[in-house]
Amino acid sequence: MAKFDSSKLKRIGVYTSGGDAPGMNAAVRAVVRVGIHEKLEVFTVTSGYSGMIAGEIKAVDRGSMANIIQRGGTVIKTGRSAEFMKPEGRAKAAAHLKKHGIEALVCIGGDGSFKGAQALWDEHKIPAIGVPGTIDNDVHGTDVTIGFDTAVNTALNAIDKIRDTAASHDRLFIVEVMGRNSGFIALNVGLAGGAEDVFIPESNTTVDDAIKHIQRGLARGKMSSILVAAEAQKEGRAYDLAESIRKKSGFEAKVCILGHIQRGGSPTANDRILASRLGAAAVHGLKKGLCDVMAGVINEQVVYTPLEETYMKHKTVRKELVTLLQILSQ
Ligand code: F6P
């Protein structure tokens with residue numbers, strides 16, 4: 001694990017990067033307030049790496065973090081920066097950080113954001129600790145990422161509503177959820193929402209399996225069904241799935257793509273607590289001279305994992321939950 005000399009650490013910066021996730025505000029608040037509690041001066045960088053390149057950096061106090069713990073999105077804004085992917089962009093960002101006297105960073109985001117933080121350490125020796133903030137939950141080194149719980153509950157809420165109309169019309173619905181290349185959201189939403197089947201990149205559910213399960217339901221008088229599909233699952237996007245099902249079985253499916261609604265909304269208590277713990281853990285890690293690591297929670301304990309491992313190692317879904325879902329929906 002990389003270390004730096006933190007004995008004279010005075011100024012830290014915090015930024016959110018990549019897709020926003022509910023709970024990011026609670027994490028920023030924790031970094032700022034724990035940082036000040038630890039006698040540090042804390043700065044926020046606006047809009048992630050693009051704000052770093054543009055020098056949008058400002059000092060904050062405890063009061064500026066008031067009334068944000070319950071808010072979705074990120075009040076310090078976020079983004080994905082193409083310029084930061086290039087060494088020249090990173091050099092500009094590092095120069096702005098140094099101009100403000102910022103000696104260490106807390107990066108709240110997902111794998112792409114952590115790669116950026118790692119590059120700042122490798123190329124400019126600016127130490128950083130990551131905090132996993134993404135609805136996708138696809139980060140190794142933590143049982144759960146900030147925003148995942150809220151996104152699952154938001155999608156679940158939508159499924160419960162879809163179920164009302166599906167039951168009223170005896171219809172089949174395919175609900176597509178986010179997750180980039182992973183099926184964490186889809187699997188949890190499918191299990192909690194009583195879906196007939198779930199399509200995720202990590203498992204091999206086929207269109208034929210889903211048709212069999214729908215027919216099994218019909219045979220016992222179940223007239224409406226819900227299939228949950230992750231955006232990156234193997235059989236294609238939700239409309240492709242609907243078309244394959246129609247061609248193979250004649251069943252007409254309504255498609256509902258939940259999209260960015262899953263990224264918004266007030267964070268759940270679980271996300272606020274996780275964000276508060278991990279924001280604090282990031283500051284405590286920097287105080288101890290840790291860097292190039294991510295703070296996560298595994299089995300309720302805070303752990304630090306090298307940033308590189310967080311995106312090189314693959315976090316897998318619990319496949320037995322797919323089987324459980326299929327048994328429960330019989
Ligand atoms: O990583 C979070 C996420 O919402 C993914 O689930 C999704 O694939 C992607 O971001 C969407 O990105 P954008 O908001 O840039 O369209």
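When a ligand or atom number is given, it counts from 1 through the structure's own listing order. The chain is numbered in sequence order, starting from 1.
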Among Asn204, Thr206, Thr205, find the residue that satisfies the side-chain hydrogen bond (donor to acceptor under 3.5 Å, both in side chains) test when tested with Lys234.
Asn204
Any chance you could pull the hydrophobic cluster mates of Ile53, using side-chain heavy atoms under 4.5 angstrom and chaining through other members?
Tyr15, Phe43, Val45, Tyr49, Met52, Ile57, Phe84, Leu97, Ile102, Leu105, Leu120, Ile126
Which atoms of ligand 1 have any heavy atom of Arg180 under 4.0 Å away?
1 (O), 5 (C), 6 (O), 8 (O), 9 (C), 10 (O)
Is the closest side-chain heavy-atom distance between Ile211 and Gln215 below 4.5 Å?
yes
In terms of residue, atom name and distance, what is the protein heavy atom nearest to atom 12 (O) of ligand 1?
Arg80 NH1, 3.4 Å
Sidechain N-carboxylate O distance under 4.0 Å for Lys222, Glu196
yes
Considering the heavy atoms of Gly179, write down every atom of ligand 1 situated less than 4.0 Å from one of them.
6 (O)
Regarding Lys315 and the six-membered ring of Phe184, is the cationic atom NZ or CZ under 6.0 Å from the ring centre and inside 45° of its axis?
yes
His260 heavy atoms within 4.0 Å reach ligand 1 at atoms 13 (P), 14 (O), 16 (O)
Electrostatic pair Glu202-Lys319, nearest N-O below 4.0 angstrom
no
Numbering as shown, the atoms of ligand 1 that approach Glu231 to under 4.0 Å (heavy-atom distance):
5 (C), 6 (O), 7 (C), 8 (O)
Structural part of Gln262 in contact with ligand 1, heavy atom criterion under 4.0 angstrom
neither
Heavy atoms only: which of Asp138, Asp136, Thr134, Thr78 is nearest to atom 6 (O) of ligand 1?
Asp136
How close does the nearest protein non-hydrogen atom get to atom 10 (O) of ligand 1, and which residue and atom is it?
Arg263 NH1, 3.1 Å
